[in-house]
Amino acid sequence: MKKQLKQKEIELLSAYLDNQLSGKEKLRVESKIQEDETWKFAFNNLKITRKVLHYAPKIKVPRNFTLRPEMVNSKRRSFTSYPTMRLVSSIASILFALVFVGDFMYKGALPVSDVANQVSFSSADLAEESAGEPMVASMDDADGMEAPQEEMAPAAEAEISADEALGNDQDQADSLESNDVAEPSSDTPNLQENSETPAARIAGTAIPTDAPETDIQVEDEDTEDENQSDTDLQNKSGLEEEIEPKNLGNENRINNIITLTKWALGILAIITGIQTFRTRRN
Amino acid sequence: MDETEMVQYAKEGDLDAFNRLVLEYQDLAFNVAYRLMGDPAAAEDITQDAFISAYRKINSFKGGSFKAWLMRIVTNAGYDELRKLKRRPTVALEPVTNEDEEIESPVWLTDPGETPEHTIEREELNSAIQNCLNDLDFEFKTIVILVDVQGMNYSEVAQAVSKPLGTVKSRLARARIKMQDCLRGFGELLPSSFRLESEGLNR
């Protein structure tokens with residue numbers, strides 16, 4: 001049994017066959033082939049193998065492969081390749097699930113009382129908006145009836161409750177008597193009107209029925225201050241009215257964005273899912 | 001117009017110049033693809049895709065051997081196609097007669113000028129070679145096809161397969177030994193001048 005050549009020796013023979021050896025290596029391999037039968041057989045068989053492969057029939061091209069403009073100008077398929085579509089589809093599905101679950105948990109985490117408060121506030125707010133403006137106008141229309149309203153400023157700043165407001169009927173009556181100067185006075189408090197929010201009352205929605213004529217006496221030096229405090233109060237109450245609806249508006253916008261995002265991700269997940277399926281089939 | 005000029009024009013978007021390169025290399029590209037795949041229809045698809053890809057990527061060709069650069073695209077396309085086939089194995093469509101019998105001499109292999117004996121001999125040789133090539137791993141098959149079947153030199157092949165020259169030499173030697181072992185199995189089916197010695201196969 002003949003000895004076997006090592007891999008390195010076969011590589012040398014193979015390279016010698018292709019005339020890829022340097023002078024020194026070439027001489028060494030040539031002498032080995034002449035002296036060693038194993039080398040000689042191995043070399044002959046390698047030579048025949050190469051010859052067989054070299055004479056492998058060449059295949060005629062079935063047609064020309066020249067390109068037409070429409071072949072190279074068509075959209076690249078890489079974007080819609082299977083791996084890309086699969087990746088996009090997976091990411092869209094995960095994001096959709098996250099947004100959906102996150103939104104659901106956020107809404108679920110809101111206490112019922114908060115939701116109820118928001119709803120009641122909105123109703124009160126709407127009532128204020130609808131009722132407040134005409135009253136301000138009517139007060140402005142009352143010529144020469146600049147009523148003293150010193151008590152109204154602290155009341156507004158302290159955000160007094162409806163019950164407290166009921167206890168201050170006299171003060172309110174004093175402050176708002178100017179609207180009803182000609183009317184007969186009455187000591188009976190109007191509970192319906194007093195149950196309104198302080199802000200609404202400050203804005204002029206609470207119309208007292210009793211207004212003592214003595215309270216109409218106002219010193220001239222106090223008029224400017226009173227006017228100033230009246231302006232401040234109106235500004236303040238207006239600010240409060242603006243801030244709350246703004247918060248509600250922001251919340252609505254966020255809800256809209258979340259809803260839109262959910263829809264967009266859902267649609268993207270479905271489209272890419274279908275495309276992935278079609279790409280895989282192709 | 002020489003090859004460098006044609007490449008330059010092709011880079012500027014001249015499709016006619018690129019098509020001249022296509023005509024120059026389509027035989028080589030198709031034959032490499034055929035030997036890689038063993039199927040003329042698949043080879044046709046690979047060749048066409050490779051030329052489209054080459055045109056789109058022509059600006060990435062930075063000089064050197066255009067043939068080697070093109071062969072890299074062809075072999076990569078062949079590799080992708082083989083991977084796809086592995087994922088979704090299909091039955092090869094052999095040419096058949098009206099009676100559903102396999103045609104032993106497909107039209108693309110026939111040569112009108114040769115005798116029937118030569119035709120048979122050539123077909124047997126072709127079949128033996130292709131069977132043995134199909135048994136090789138892709139990296140060995142690519143190198144033996146480019147060097148021994150297509151006659152490309154080592155440096156071009158190294159460029160085409162993006163491997164060092166030493167790797168090409170080593171893989172070629174191993175591929176030749178594997179082919180030798182395989183072809184020995186065909187023995188008498190090979191033409192007498194191509195028959196390997198029964199003794200002296202050493203490893």
Side-chain angles (χ1 to χ4, degrees), chain A residues 1-21 33 36-78 81-82 280-282, chain B residues 15-16 18-20 22-23 25-27 29-31 34-35 40-41 43-44 47-48 50-52 55-56 108-109 111 122-123 125-126 128-130 133 144-145 147-149 151 153-154 165-166 169-170 172-174 176-177 179-180 183-184 190-191 193-197 199-203:
Chain A
M1 187 179 171
K2 292 179 184 296
K3 66 167 185 174
Q4 291 186 342
L5 294 183
K6 295 173 184 169
Q7 180 62 33
K8 278 283 171 195
E9 293 170 330
I10 291 170
E11 282 178 24
L12 272 177
L13 270 180
S14 176
Y16 172 75
L17 196 62
D18 295 325
N19 201 22
Q20 293 287 324
L21 294 181
I33 291 169
D36 193 326
E37 280 295 307
T38 308
W39 280 75
K40 189 179 178 183
F41 276 116
F43 176 69
N44 285 339
N45 276 325
L46 270 182
K47 199 158 71 171
I48 292 169
T49 303
R50 191 182 70 154
K51 186 178 170 187
V52 170
L53 292 168
H54 183 69
Y55 282 98
K58 301 291 180 288
I59 313 300
K60 288 182 212 162
V61 288
R63 61 181 175 87
N64 277 336
F65 292 97
T66 49
L67 306 182
R68 296 185 302 276
E70 63 267 24
M71 293 164 81
V72 291
N73 292 333
S74 60
K75 281 184 183 175
R76 299 187 68 172
R77 290 172 57 196
S78 58
S81 65
Y82 175 69
R280 187 173 187 177
R281 280 183 63 193
N282 291 336
Chain B
L15 193 56
D16 290 337
F18 185 80
N19 278 335
R20 289 190 195 185
V22 171
L23 293 173
Y25 288 110
Q26 64 181 5
D27 283 315
F30 179 76
N31 273 277
Y34 171 73
R35 291 298 172 194
E44 206 176 322
T47 307
Q48 190 67 79
F51 280 124
I52 292 170
Y55 181 76
R56 286 179 174 156
W108 45 267
L109 269 179
D111 183 347
R122 192 167 46 76
E123 283 166 9
L125 177 64
N126 185 64
I129 291 169
Q130 195 57 52
L133 283 173
V144 85
I145 288 171
V147 175
D148 283 344
V149 180
N153 64 48
Y154 281 30
L165 211 59
K169 283 181 186 174
S170 169
L172 179 63
R174 291 171 68 182
R176 279 172 172 168
I177 292 296
M179 286 298 288
Q180 184 176 283
L183 289 169
R184 190 184 300 282
L190 295 175
S193 58
F194 294 153
R195 284 177 201 157
L196 293 155
E197 294 178 17
E199 289 185 346
L201 177 65
N202 304 293
R203 274 187 284 169

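Below, chain A is the first sequence line, B the second, and so on; all start at residue 1.
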Inset, instruction - May I ask you to name which of Arg35(B), Met179(B), Gln130(B) has the most heavy-atom pairs under 4.5 Å with chain A? - result: Arg35(B)
Legend entry - Winner by heavy-atom pair count (cut-off under 4.5 Å) against chain A, out of Leu172(B), Val149(B), Asn153(B): Val149(B)
Legend entry - Partners meeting side-chain hydrogen bond (donor to acceptor under 3.5 Å, both in side chains) with Thr47(B) (sequence neighbours left out): none
Inset, instruction - Heavy-atom distances under 4.5 Å only: say whether Arg63(A) touches chain B with side chain, backbone, both or neither. - result: both
Inset, instruction - Using ring pair (Phe, Tyr, Trp, His ring centres under 6.0 Å) as the criterion, list what pairs up with Phe18(B), not counting sequence neighbours. - result: Tyr55(B)
Inset, instruction - Check whether any side-chain N or O of Lys58(A) sits under 3.5 Å from a backbone N or O of Ala56(A) as a donor-acceptor pair, and report yes or no. - result: yes
Inset, instruction - Specify which of Val147(B), Asn31(B), Ile129(B) makes the most heavy-atom pairs with chain A at under 4.5 Å. - result: Asn31(B)
Inset, instruction - Mark yes or no for whether Asn73(A), through its side chain, and Pro69(A), through its backbone, hold a donor-acceptor pair below 3.5 Å. - result: yes
Legend entry - Partner chain A: residue of Leu133(B), Leu165(B), Ile52(B) with the largest heavy-atom pair count (under 4.5 Å): Ile52(B)
Legend entry - Basic-acidic side-chain contact under 4.0 Å: Lys169(B), Asp18(A): no
Inset, instruction - Please state whether the side chain, the backbone, both or neither of Leu13(A) comes within less than 4.5 Å of a heavy atom of chain B. - result: neither
